[in-house]
Number of protein chains: 4
Amino acid sequence: MSGCPFSGKEYQFKITYSTTEEEDDSQRGIDKAAKGGLIYGKYLQLDKILNAQALESEKRHSKSHDEHLFIVTHQAYELWFKQVLWELDSVRELFIQNHVPDERNMLKVVSRIHRITVILKLLVNQFAVLETMTPLDFFDFREYLFPASGFQSLQFRLLEIKVGVADNRRVPYNRQHYRENFHGQESEDLLRSEQEPSLLQLVEKWLERTPGLEEDGFNFWGKLQANIEEGFKLKMQKLEKEPDSERKEDMLQDLKKQREGFTSLFDSNHHDDLLRKGERRLSYKGLQGALMIYFYREELQFQIPFQLLNSLMEVDTLMNKWRYHHVCMVHRMIGSKAGTGGSSGYHYLRSTIGDRYKVFVDLFNLTTYLVPRDWVPKIEPQH
Amino acid sequence: MSGCPFSGKEYQFKITYSTTEEEDDSQRGIDKAAKGGLIYGKYLQLDKILNAQALESEKRHSKSHDEHLFIVTHQAYELWFKQVLWELDSVRELFIQNHVPDERNMLKVVSRIHRITVILKLLVNQFAVLETMTPLDFFDFREYLFPASGFQSLQFRLLEIKVGVADNRRVPYNRQHYRENFHGQESEDLLRSEQEPSLLQLVEKWLERTPGLEEDGFNFWGKLQANIEEGFKLKMQKLEKEPDSERKEDMLQDLKKQREGFTSLFDSNHHDDLLRKGERRLSYKGLQGALMIYFYREELQFQIPFQLLNSLMEVDTLMNKWRYHHVCMVHRMIGSKAGTGGSSGYHYLRSTIGDRYKVFVDLFNLTTYLVPRDWVPKIEPQH
Amino acid sequence: MSGCPFSGKEYQFKITYSTTEEEDDSQRGIDKAAKGGLIYGKYLQLDKILNAQALESEKRHSKSHDEHLFIVTHQAYELWFKQVLWELDSVRELFIQNHVPDERNMLKVVSRIHRITVILKLLVNQFAVLETMTPLDFFDFREYLFPASGFQSLQFRLLEIKVGVADNRRVPYNRQHYRENFHGQESEDLLRSEQEPSLLQLVEKWLERTPGLEEDGFNFWGKLQANIEEGFKLKMQKLEKEPDSERKEDMLQDLKKQREGFTSLFDSNHHDDLLRKGERRLSYKGLQGALMIYFYREELQFQIPFQLLNSLMEVDTLMNKWRYHHVCMVHRMIGSKAGTGGSSGYHYLRSTIGDRYKVFVDLFNLTTYLVPRDWVPKIEPQH
Amino acid sequence: MSGCPFSGKEYQFKITYSTTEEEDDSQRGIDKAAKGGLIYGKYLQLDKILNAQALESEKRHSKSHDEHLFIVTHQAYELWFKQVLWELDSVRELFIQNHVPDERNMLKVVSRIHRITVILKLLVNQFAVLETMTPLDFFDFREYLFPASGFQSLQFRLLEIKVGVADNRRVPYNRQHYRENFHGQESEDLLRSEQEPSLLQLVEKWLERTPGLEEDGFNFWGKLQANIEEGFKLKMQKLEKEPDSERKEDMLQDLKKQREGFTSLFDSNHHDDLLRKGERRLSYKGLQGALMIYFYREELQFQIPFQLLNSLMEVDTLMNKWRYHHVCMVHRMIGSKAGTGGSSGYHYLRSTIGDRYKVFVDLFNLTTYLVPRDWVPKIEPQH
């Protein structure tokens, strides 16, 4: 952390064109710190940060060396969760302010969601550190931690809620709603977060306003449906000329199935069914906006939105990767059987990895609706 | 952090051989937390950790979104530095207790040094997060930080000292000894650390006692010298038979140079010269012990010591990689010219990357003294 | 790749003690390459490696830029799989040669297994590169690849077999045995590998010979059973004195369950039942050896074996992480519905992630049998 | 590599809304591969890739286990270099086609440059694999490699040239121009690449056309100069009122220095001087375009260009990180002294790490010219 990008305002304009050698340059500074002002350790409140490691094992006069690692690792996770929430809240705020954030905000939105993915990648890799602790070392102090549980991490629950994990798709924890594990202020924080619009909901609203969806305007959805119908008609006609009757029959079946798939895409009742089952999460119009961004991603105003959709999928994937690496670590630490008494441990965690915790599932499934380029409605150049 | 390896003692023996399906297993826990006891957030002192982010820009009513990232990142670094110091101190303690730690301690020593390397790798990768902040975003609040500087990180200096960075090889900072930047308790902590034995010194003492070095015993050094001399003599004799005189002359020159190199290896005065210049750091006997471990690394009692030597080199390398990635980030944030007024910034940092901050330089240079396997003195099987 | 650790033998002894500055040192070399000899590109057979990228899309006059990435990524995976197999075969060979490889081989064994974990970590991270390809870019050429499938990767199957994935626990692929997808030489290679001893089997044999297991010698198992019985007896006696009858009853139930768990540990018939169900994979005696290494890991001769057990678990975990990250990528590329016609794609892959593909499952579950340190039979110092 | 995103065209439209359980879904596929067509191994030309590892040590009947790792690692590097060149050439082509690539190309450009950064990150991490080889293991076969050298990697030189490393800033290699180490076709390839426009030059041309630079239009540069002059004038006036004369003098000196810095920014002769010295690489107008993008990065048409500038800096930084990690590995393998005979090895490599190999140095230094937001010329909203 030496030297560092800290630096005072008065130097911001300075430029020197020294031709002297590097060794000299390295000694050219003036020690401005001597004149007083902000101190590194005070600014970072290191007195708090570095005095927050109290070993339970030490309190019991049986100091366990590795408990320090256990504490520091969890604190580092919580620090980063705070940062992720900071970014997430700011992005939600940008969406809320404007309902449709004007395009000038989009660079900020996409940069901050990208930053979340970078942090989540770090957090996935961070398990490597805790994995240097063997199960035997953990065994030395794990009894003292009872009944504290990572399940009680408020921030991780807030993170899930604010991204948009569906409350009704959560795996119950010991047959209880997850919120039962929190009390007082924490319980209230969770409840309030659930009532605020999630990132999913805000993205949905934004997608619904994608320019080009207006039925009395470009009417993307109507045009797309017409093109697809026309496309299949032509394919059918072409198929008629196929001489090999067995092959023809095969291809006909394939084509019919494909057409059925698309027919259902344009059926809003079908969409609502899937919404109820939780297999889709976006509104019908939101889905249309997302598909539009996919198809026209090279247009100036859709380039950043396209990046955003990709980053949202990455957030989803990384949260699942985090869960999976977490399960792997727990399995190594306590085995698959252990913990079945007081906590469902490994088995509970395993059950949270599936698709039910995915939020932007519709974006993943958009690939199902890709069509040949010449079926995509032509758009007028934007200038 | 959900679910987690926290788990109470009473479950440690439990095994259940359920044949039911996983979904059920996941709900099998009993909510022991309801009965009271340690709470996750209290154990981790999250009230301290998560309330230690005070933005200077916010105090000036000009909240800069990215300052939060800046603070959290630095706090995460300091948290991990604390953990590295924890491991480092425990390893030094293991060495100090025993002078020669008995072999039963070596698994702990090597595991903890390995853990340090894993943490340092994380810290090198962690720059990726701060790199999501652009120089423009940094510009928004960097004036408020003046004159705080990462150079003031006490823990990083302690880390350098405790590993064994040579005080007289440090680059001065604005023409001052680095310790001038610290005051009061911090200055005392640094001074005391400098007076305690560093990891380098403790490893040196341990290497000096490598079994087999005793002149009146196996006498590794004497035997090696004899073998090398004999080896060169044989090579010379063989060379005599070379018919091509030009080629013979070439090879003779090569051989002589090689022999000179080895002659100097067995010259303790030469070693002392290099020590004074700082080109070697280990005592002559320590160097012998290290070479012995290299040659006999497959012997049972040298396997873990060999791993240790490799890990020590990795610590050195990773600290330099950390410094280098840090320089890269600073360069991106403030450019190569900026900061030359109040701090030597980029140029100062660049000057710290060279070999002068390397501690286990002798281990890196051991490769210079590798010899053909049949020149290595034969050792008796250990059982 | 510049400069590089390639370097000729004749320099190995050379040492120069230049005091000149670095700039000069950097130009001190003599251009020996000019004299002929091995060439970098020929040595690496780059004519093969760099001319093995033929785009199917290009053959169809519809060049898809991203197909090149697709090919190169898969080739990089296969290159590394070859290296993993190289290490795996060498380790298996070390075990086979000696039945019990003498302890001098253990450094090699543990280093090579460790190297496998480092490669697997790289391979997990390597998905990040392919993830820069969007589903839309993939859509442009994926039709041309039909019906090639990564499922046809011979090396990955060999890897699974050689580590010890249980044939009868594999998920069938489209209702077929996985080997049905391979023909000719490849099919034979697979069959032969299945007949050779797997890493699991070789490790098992080695564990069975752990010194100290001999019933007529140290008799670890017998002593452990006696200690555990004695331990529970003492706990029961202590419990008798508990005044609070409700609490006493609770604790009594817990204690009984724990004892049952351990009773079953010493029941070889029970072990055989679990073996048949596939819930255990190691022989009864192998399990005993592993537990012994766990308990006595700080003894000189068990330090490296303990590292080996940890690395084996890591191999298992990393292969599962690889599978999981692979699933995530596939989900992003083709969605959860796609591929249900010709390949079960996403759903098939998801089904392979569970514990059924774990090999060293017994090592993970050893933590279930940890006991207080004073229950562990005392061992005589080894010297 | 199992299962994989390979999948045939006919399935792309298929959607099934199965409600059956996952286990069944995983078996739902039809084995289309049986009907013939593209085979995984043939497509990837694995016969070439996996048969390109010939150990020199084996040819000499002294098989060295680790030489296989050495070969595979270098091959993996070369494979990825090929991919980086593929991306780099396509980006250069996009720029060349259009001189100013129309904005629709910018998503492609920025995505591909981003992909290069992802690959380079992988390559930096990939050293971890080779670092599992100890110097002693390398010693076993390095004599056989003589005089092959990574310096002979054609692709890495092409990469440097195509990005835009300045020929006249290269460190000579054993006092020779680097191209002297290549012959025949390779030498011609290098020469031709040097004559083609580099990424730096193409980016420069593109920057020069940044809309808003026209002197008879928005006239960014003229307006900026006026604002800065006005800004300093106001600061001077404000400073007049400072009562403390010593403090006033201090601040006056600071302000003057700052103003000098900016005066030189608007001095095109000064720019040309720096160009000649190699301290700047972009044309004066190109620099102006870059600064404009910095200031107006939130405008719709500058969002992606801003991302591009950041990614270009990242490419630069990552190539330097690659060089640095490479040096670290070489140091560990051969020490700092070794190799001084035939190749300048470590010292040569160290000398290539400095800023002289940086290409987009001007972008790094732009931060020097940041000004308060209200000094930035107001731009009209774009719509």
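In this text, all values refer to a predicted model and were calculated from it rather than measured experimentally. Sequence lines set the chain letters: A, B, ... in the order given, protein chains first and strands last, and positions in each chain run from 1.
Among C:Lys121, C:Arg373, C:Met313, the residue with the largest count of heavy-atom pairs under 4.5 Å with chain A is C:Arg373. Among A:Asn125, A:Val327, A:Leu366, A:Asp140, the residue with the largest count of heavy-atom pairs under 4.5 Å with chain C is A:Asp140.
A salt bridge is absent between C:Arg332 and A:Asp316; no separation between the charged side-chain nitrogens and carboxylate oxygens falls under 4.0 Å. Looking at C:Lys321 and A:Glu131, a side-chain N of the basic residue comes within less than 4.0 Å of a carboxylate O on the acidic one, giving a salt bridge.
Contact between C:Tyr324 and A:Asn320 at its shortest, heavy atoms only, is OH-CB, 3.3 Å. When every heavy atom of C:Met333 is checked against every heavy atom of A:Thr367, the shortest pair comes out as O-CG2, 3.6 Å. Closest non-hydrogen pair, A:Asn365 versus C:His331, comes out as OD1-NE2, 4.4 Å.
A distance of 12.0 Å separates CD1 of C:Ile334 from CG of A:Leu370, quoted to the nearest 0.5 Å. Taking OG1 from C:Thr134 and CG from A:Leu309, the interatomic distance works out to 11.5 Å, rounded to the nearest 0.5 Å. With rounding to the nearest 0.5 angstrom, the CG atom of A:Leu136 is 9.5 Å from the CD atom of C:Glu298.
Heavy-atom neighbours of A:Arg60 CZ from other residues, nucleotides or ligands within 6.0 Å: above the threshold of 12.
The side-chain heavy atoms of C:Thr317 and A:His325, taken from C-beta on, include no pair separated by under 4.5 Å.
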